[in-house]
Chemist: 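Please find one structure pasted underneath; my questions will follow.
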Amino acid sequence: MLDFKDEIAEGISKCIGVEAEEIKGYLEVPPDKTMGDYAFPCFRLAKTLKKAPPMIAEEIKTIMDVASNLISKFEVQGGYLNFFVNSNALVKEVLGEIDKFKENYGSSYIGQNQNIIVEYSSPNIAKPFHIGHLRNTIIGNCLYKVYKFLGYNVTGINHLGDYGTQFGKLIEGYKRWGDEYDIARDPINELMKIYIRINDACKEDESILEACRENFKKLEDGDDYCVELWNWFKDESLKEFQRIYDLLGVEFDSLNGEAFYTDKMDEVEEILDKAKITKMSEGAKIVDLEDKGLGVCMIRKSNGSTIYATRDLAAIKYRADTYDFDKCLYVVAYEQALHFKQIFEVAKYLGIPEKCVNGLEHVQYGMTRLTTGKMSTREGTAIKVQDLLDEAISRTTKIIEEKNPDMEDKEENAKRIGIGAVVFNNLSNTIIKDQVFDWDNVLSFQGDTGPYIQYVYVRTKGVLENVGYIPKLEEIDTACLLDETAIDVVTTLYRFGDMLKSVTEKNEPSILARYLLELAQKYTAFYNEDKVMVDDEKLKNARAYLTYCVQTVIQIGCGLLGMEMPSKM
Ligand code: ARG
């Protein structure tokens, strides 16, 4: 794709003999369209060139004026030189690229030879998949897809929480009261009840807690009974998680969870010992990070058990060795910020390549709140994600029944709209922000919602069905698309690839979600202003073609967010 910024930077560079790369870094997008598409703040070079900024601006303008057919107008405003892109060139470029790349428009090779790990979802077995894990899964899935689209070599890892003292507790509870519960019928819920009960018992009686810790130690040591129970908890949980992943269309390249690192922790401990950063404290082995304001990172408890952090350190070493990653992204709630700061600090001593240490990144997201407040599995107030997704679909079905009872593919469309609404809702605001889940907002066909975007997509389909064909690019007279609402759409389409790059630079899927809203709104304005079904064939074809472009980009963008498009609405 032609990069207007590059062209302008090249042009300026030729005029004044400063490197184009440097110039490009200075170019700005003015806050107001009347000031042009790009602006060059000449004061940046005042010192180097020993001239006043307005003078520099005038000089560049005079020289460049004749040179470029991509820029239609130059304007000096104070110390700024403003550039107005030649709209016709822009339209030609955008339509041409979409025609050429189709469903790959916006993709690139910038990620070639770079290995990215996206760790996401990571629910805990024998516990419900809660609404935080849902948000996590949706965010991670989007990042996974966008990195891939930009040519990175991506590995998606579901770091299952399948290890830890809680399994000692669960085993203890099961031993005591297993036959009081109908576990075969509804495994996770029944196990949760046992878990809550044993937790209460532990609070009352220290010796029960001790027994639980012992069980976990036995599990680590490979005790038959404990291992068998644990395997069964894990199988049942995975079956339940899989139903959710299927509904969301989410896949992973690896399900290596915490337990996978059981036999990989001794080595890590040895490396840290050799680096002389561990020490004993009250019988436990720790790394003291107090001088960095990060408290202490425990490596091994006094009873010899490893902990969450130990397994994470082993995972970092294993992933560096196995995947030689350039970036390893941890999509995990902000509550665990300290944990990640600690393990990233300790990772400096693991003897892994510098680039891996620098590539570790915690992608934090905020809590989802329902009216009942924050949910904790220990108190058992969590709502089940499976229920939430089912409800999204059934509520959508109801809306369809009311509005459009004769719709074809009602069931499939209700699923796509309901799930799409939940997905979009999770990504529509900066992910670090806490969010409130409110059914009416989530499922609304208007406003900042997934259904609104799907609705606009379905409209583009309807428009093209009315027209009866998708015109050929060669038949398009780009001069028909130079009015304001059309250019607005084209400019937005032009930004698609760059916008995706900023999604990966900031690890922020909401940039894509917001972009799609903007595109949908701009298309709606265009559609209202510039009727497509007009008698003038040239006009009709051009407008239909732009409609096709919008449809293509909404489809690509929503796909990257993790949404499917309905056929009707
Ligand atoms: N299983 C954990 C939880 O549900 C999240 C795991 C995060 N990933 C990690 N590498 N520690 O809270």
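All residue numbers in this chain count up from 1 along the given sequence. Order of appearance sets the numbers: ligands from 1, and atoms from 1 within every ligand.
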Chemist: Considering the heavy atoms of Gln336, write down every atom of ligand 1 situated less than 4.0 Å from one of them.
Modeler: 12 (O)
Chemist: Closer than 4.0 angstrom: is that true for some heavy atom of Arg311 and an atom of ligand 1?
Modeler: no
Chemist: Any idea which atoms of ligand 1 are less than 4.0 Å away from a heavy-atom of Val332?
Modeler: 7 (C), 8 (N)
Chemist: Taking only heavy atoms of Glu119 into account, list the atoms of ligand 1 that are under 4.0 Å away from them.
Modeler: 7 (C), 8 (N), 9 (C), 10 (N)
Chemist: Glu258 to ligand 1: N or O pair under 3.5 Å?
Modeler: no
Chemist: With a cut-off of 6.0 Å (strictly less than), are more than 12 heavy atoms of other residues, nucleotides or ligands near CD of Glu411?
Modeler: no
Chemist: Which residue holds the protein heavy atom closest to atom 1 (N) of ligand 1, what is that atom called, and what is the gap in Å?
Modeler: Asn124 OD1, 2.6 Å
Chemist: Quick one: are the ring centres of Phe252 and Tyr120 less than 6.0 Å apart?
Modeler: yes
Chemist: For ligand 1, which part of Phe340 has a heavy atom less than 4.0 Å away: the side chain, the backbone, both, or neither?
Modeler: side chain
Chemist: Tyr330 and ring-ring contact (aromatic ring centres under 6.0 Å, His included): which single residue from Phe325, Phe344, Tyr365 fits?
Modeler: Phe344
Chemist: Report yes if the side chains of Leu560 and Val503 come closer than 4.5 Å at any heavy-atom pair, otherwise no.
Modeler: no
Chemist: I want to confirm something. Looking only at heavy atoms, which of Tyr308, Tyr163, Phe129, Tyr120 is nearest to atom 11 (N) of ligand 1?
Modeler: Tyr308
Chemist: Determine whether the aromatic ring centres of residues Phe129 and Tyr245 are separated by less than 6.0 angstrom.
Modeler: yes
Chemist: Can you name the atoms of ligand 1, numbered from 1 with element, that are less than 4.0 Å from a heavy atom of Asp312?
Modeler: 9 (C), 10 (N), 11 (N)
Chemist: Answer with yes or no after comparing the ring centroid distance for Tyr163 and Phe216 against a 6.0 Å cut-off, counting only values under it.
Modeler: yes
Chemist: Nearest protein heavy-atom contact for atom 4 (O) of ligand 1: which residue, which atom, what distance?
Modeler: His133 NE2, 2.8 Å
Chemist: Quick one: do Lys264 and Glu267 make a salt bridge, cutoff under 4.0 Å?
Modeler: no
Chemist: Decide whether Asn215 and Tyr225 meet the rule of one side-chain donor and one side-chain acceptor closer than 3.5 Å.
Modeler: no
Chemist: List ligand 1 atoms under 4.0 Å from Tyr330, heavy atoms only on the residue side.
Modeler: 10 (N)
